[in-house]
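Predicted, not measured: the structure shown is a model, and the values here were computed from it. Naming convention: chains lettered A, B, ... in sequence-line order (proteins, then strands); numbering from 1 in each chain.
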Amino acid sequence: GAVVSQHPSWVICKSGTSVKIECRSLDFQATTMFWYRQFPKQSLMLMATSNEGSKATYEQGVEKDKFLINHASLTLSTLTVTSAHPEDSSFYICSARDEAPSSYNEQFFGPGTRLTVL
Amino acid sequence: GENVEQHPSTLSVQEGDSAVIKCTYSDSASNYFPWYKQELGKRPQLIIDIRSNVGEKKDQRIAVTLNKTAKHFSLHITETQPEDSAVYFCAARGYTGRRALTFGSGTRLQVQP
């Protein structure tokens, strides 16, 4: 199957700093990528849909000024958590859908980024 | 928007027994229903999926059934093994709109050797 990478795999930062997470589709192009957040022992909750060349679409309750998303190319989306606080500590997972006709539209997940804000 | 409910939240079975996890969805326009297995600290891994034009799909010990009328789908694992122990998530996706997956709340499956 297709591969989605995510970097970094984990990060620890101080409260008030910003953290950037990268999501890349390695062997396919993705006009749309999705960012999920998963708190311990909970499900994956969609934060936003990242659209190549246009603004991201945020889910209700997700602050777009706090979680900045940039999708500058067909293989790269970035999520920047600005002025991070301890309550932002979570597992952030991106996913991308291979939109080629032969791909069955399966959604592929990155390995996730564990963010810990002290 | 779509709402997916999943039951049970925890499931403990003896090795060799079968396990069944059930999900319901709210959006009748949803047409794609994948199941994921997630081990601690790792990404969800697709184990089986089904589209709305199919009622059942099987892959070795894993099967999924879909009832569109009732808007529910189920995961069946037969001959469970200790390595099946993990958290399982169902999900649903519509044909239009943002096409993101909406996940169920997850089921922690424990297979006792």
In this structure, are over 12 heavy atoms from other groups packed under 6.0 Å from B/Q45 atom CD? no
Surrounding CD of B/E83 (heavy atoms of other residues, nucleotides or ligands, distance under 6.0 Å), is the total greater than 12? yes
Looking only at non-hydrogen atoms, find the nearest pair between A/P111 and B/R43 and report the distance. CB-NH2, 3.5 Å
In terms of hydrophobic clustering (I, L, V, M, F, W, Y; side-chain heavy atoms under 4.5 Å; direct or indirect links), are A/L26 and A/M33 co-clustered? no
Rounded to the nearest 0.5 Å, how far does NZ of A/K41 lie from OG of B/S105? 14.5 Å
Would you say that more than 12 heavy atoms from the other residues, nucleotides or ligands in this model lie under 6.0 Å from the NE2 of A/H7, or not? no
Taking the side chain as every heavy atom from C-beta outward, state whether B/R93 and A/Q107 have any atom pair closer than 4.5 Å. yes
Other residues, nucleotides, ligands: >12 heavy atoms within 6.0 Å of A/K20 NZ: no
Can you check whether B/Q38 reaches A/F109 side chain to side chain, under 4.5 Å on heavy atoms? no
For chain A, find which of B/G104, B/P44, B/G41, B/G106 contributes the most heavy-atom pairs closer than 4.5 angstrom. B/P44
Bottom line for A/Q6: the part with an atom under 4.5 Å from chain B's heavy atoms is neither
Between B/F89 and chain A, with a heavy-atom cut-off of 4.5 Å, which part of the residue counts as in contact: side chain, backbone, both or neither? side chain
So for atom CD, which belongs to B/E79, do other residues, nucleotides or ligands contribute more than 12 heavy atoms lying within a distance under 6.0 Å? no
Is there side-chain contact between B/L101 and A/Y36, with heavy atoms separated by less than 4.5 Å? yes
Okay, A/I93 and chain B: the region with an atom under 4.5 Å from a heavy atom over there is side chain
Counting heavy atoms not belonging to A/L118, are there more than 12 under 6.0 Å from its CG? yes
